[in-house]
Amino acid sequence: MQINFYKYQGAGNDFILIDNRLSVLKGIDKESVAQLCDRRFGIGGDGLMLLEDEPGYDFRMIYYNADGNEGSMCGNGGRCIVAFAKHLGVIDDATKFLATDGLHHAKISEAGDWVSLQMIDVTRIDQDGEAYVLNTGSPHYVKLASDLEVKDVYNEGYAIRNNATYKQEGINVNFVQKEGEGYFVRTFERGVENETYACGTGVTAVALAMAKHNHQSGIISTPVRVLGGNLNIRFDYDGEKFSNIFLEGPAELVFKGVINLNS
Ligand SMILES: N[C@H](CCC[C@H](N)C(=O)O)C(=O)O
C-alpha cells in the first residue's frame with residue numbers, strides 16, 4: 001500500500017505527517033511507526049501524526065512517539081499539524097482541533113510558517129527535591145542547571161527518566177538556564193528516549209515553573225532558546241492558576257514523499 005507523507009519540523013522537533021481524513025490507514029501498528037521514525041531504516045522523526053476528521057472540530061491530531069507508543073500531547077507537533085492543516089486547505093488562519101488532552105485553539109501566519117498554539121490550563125506544580133514536576137499535556141520534570149552548553153543531557157536525563165519514581169510512566173526531563181530575557185532549555189524526551197532539538201510542552205513547563213520559582217505573576221511572556229531554534233510562551237498567572245497559555249514558534253514543511261507499507 002502506498003501512502004503520501006509529509007515531513008515537518010518545528011524548532012528542530014521533526015515529525016512525519018499523514019492526511020488520514022479518508023482513513024487510508026485503519027490505525028498504524030507500533031512497529032511501523034518506530035520503523036518510519038527510525039533515522040537509518042526509515043524517514044526519521046521524533047514522532048508521527050495522523051490528521052483525521054472529527055465532528056465539531058476542524059480535525060483531530062493523533063500523535064505517536066518515535067518508539068511507536070501513542071504519546072500524550074506534543075506542543076511542537078501540534079504547531080506542525082496546524083501548518084499541515086493549512087497546507088491541505090482544511091483551515092485558513094485560525095483553528096480549533098482535538099488532541100489527546102482536549103480542545104486546542106491555534107492561529108497561523110498568512111505565510112503558514114508561524115503558529116501560536118493554545119495549551120491546556122495548568123493548576124498544579126509539584127516538587128521533587130529542587131526540581132518542578134508538572135503536566136502541560138505531557139508530564140515534565142524541570143531542573144535548573146548552570147552548565148547547560150556542556151551538560152551531559154542524555155545520561156542525566158536518562159537517569160531521571162528511568163529512576164524508581166518515573167520509570168513506569170516515563171517523564172520528559174528539561175534542564176533550564178537563565179539566558180538574556182528568557183531561558184536556554186535542553187530536553188531528554190520520553191518516547192524518543194534521547195535528547196531532542198526542541199520540546200514544546202517541555203518549554204511550556206519550563207516557562208510556568210520558572211514563573212512560580214521567581215514569584216512572578218500577571219501576563220508573562222517568556223522567550224526560550226532550544227537547540228533547534230527559538231520559541232515563545234505567553235500566559236497569565238495569578239499565583240495559583242496558569243491560563244491563556246500560548247506556545248509560539250516556527251513550523252516548516254521540509255519535504256513530502258510516498259511510504260510503502262506492507263499491509
Ligand atoms: N516533543 C513534544 C513532546 C512529546 C511528548 C512525548 N515525548 C511524551 O511525553 O510522551 C512536544 O513538543 O511537546
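Both counts, for ligands and for their atoms, begin at 1 and track the order of listing.
Considering backbone and side-chain N/O of Gly202, none are found under 3.5 Å from N/O of ligand 1. Looking at ligand 1, you won't find any N or O of Tyr63 less than 3.5 Å from one of its N or O atoms. Between Gly75 and ligand 1, at least one pair of N/O atoms sits closer than 3.5 Å.
Under 4.0 Å from ligand 1, the heavy atoms of Asn172 that appear belong solely to its side chain.
The distance from the CD atom of Glu52 to the CG atom of Leu22 is 10.5 Å, given to the nearest 0.5 Å. We find the CD1-CG distance between Ile28 and Leu50 to be 6.5 Å, quoted to the nearest 0.5 Å. Atoms CG and CE, on Leu247 and Met73 in that order, are 8.5 Å from each other to the nearest 0.5 Å.
A donor-acceptor pair shorter than 3.5 Å can be found between the side chains of Ser221 and Asn232.
Figure legend: Lys212 and Tyr132 shown without cation-pi pairing, the cationic atom not lying both under 6.0 angstrom from the six-membered ring centre and within 45 degrees of its axis. A cation-pi contact links Arg225 to Phe184, judged by a cut-off of 6.0 Å to the six-membered ring centre and 45° from its axis.
Those atoms of ligand 1 with a heavy atom of Thr201 less than 4.0 angstrom away are 3 (C), 11 (C), 12 (O), 13 (O). Near Ser138, the atoms of ligand 1 lying under 4.0 angstrom from a non-hydrogen atom of the residue are 5 (C), 8 (C), 9 (O). Contact atoms of ligand 1 toward Asn76: 11 (C), 12 (O) (distance under 4.0 Å to a heavy atom of the residue). Close approach to Met73 involves these atoms of ligand 1, each under 4.0 Å from a residue heavy atom: 4 (C), 5 (C). Near Asn65, the atoms of ligand 1 lying under 4.0 angstrom from a non-hydrogen atom of the residue are 6 (C), 7 (N), 8 (C), 10 (O). For ligand 1 and Ser72, the ligand atoms under 4.0 Å from any heavy atom of the residue are 8 (C), 9 (O), 10 (O). Close approach to Asn13 involves these atoms of ligand 1, each under 4.0 Å from a residue heavy atom: 1 (N), 2 (C), 11 (C), 12 (O).
In this structure, Lys178 places its NZ atom where more than 12 heavy-atom neighbours from other residues, nucleotides or ligands lie under 6.0 Å away.
The protein atom (non-hydrogen) at minimum distance from atom 12 (O) of ligand 1 is Gly200 N, 2.6 Å. In terms of protein heavy-atom proximity, atom 7 (N) of ligand 1 is nearest to Arg190 O, 2.8 Å. With respect to atom 2 (C) of ligand 1, the closest heavy atom belonging to the protein is Cys74 SG, 3.0 Å. Atom 4 (C) of ligand 1 has Glu189 OE1, 3.5 Å as its closest protein atom, hydrogens excluded (heavy atom only).
Ring centroids of Phe97 and Tyr57 are separated by 6.0 Å or more, keeping the two rings apart.
Panel note: side chain Arg186, backbone Glu195; no donor-acceptor pair is recorded below 3.5 Å.
Not a single heavy atom of Gly191 sits under 4.0 Å from any atom of ligand 1. For the ligand labelled ligand 1, residue His140 lies outside the 4.0 Å heavy-atom shell.
Among the candidates Thr187, Val142, Ile160, Val153, the single residue satisfying the side chain to side chain contact (heavy atoms under 4.5 Å, CB included) test with Val173 is Ile160.
Hydrophobic clustering (side-chain heavy atoms under 4.5 Å, transitive across Ile, Leu, Val, Met, Phe, Trp, Tyr) groups Leu148 together with Tyr154.
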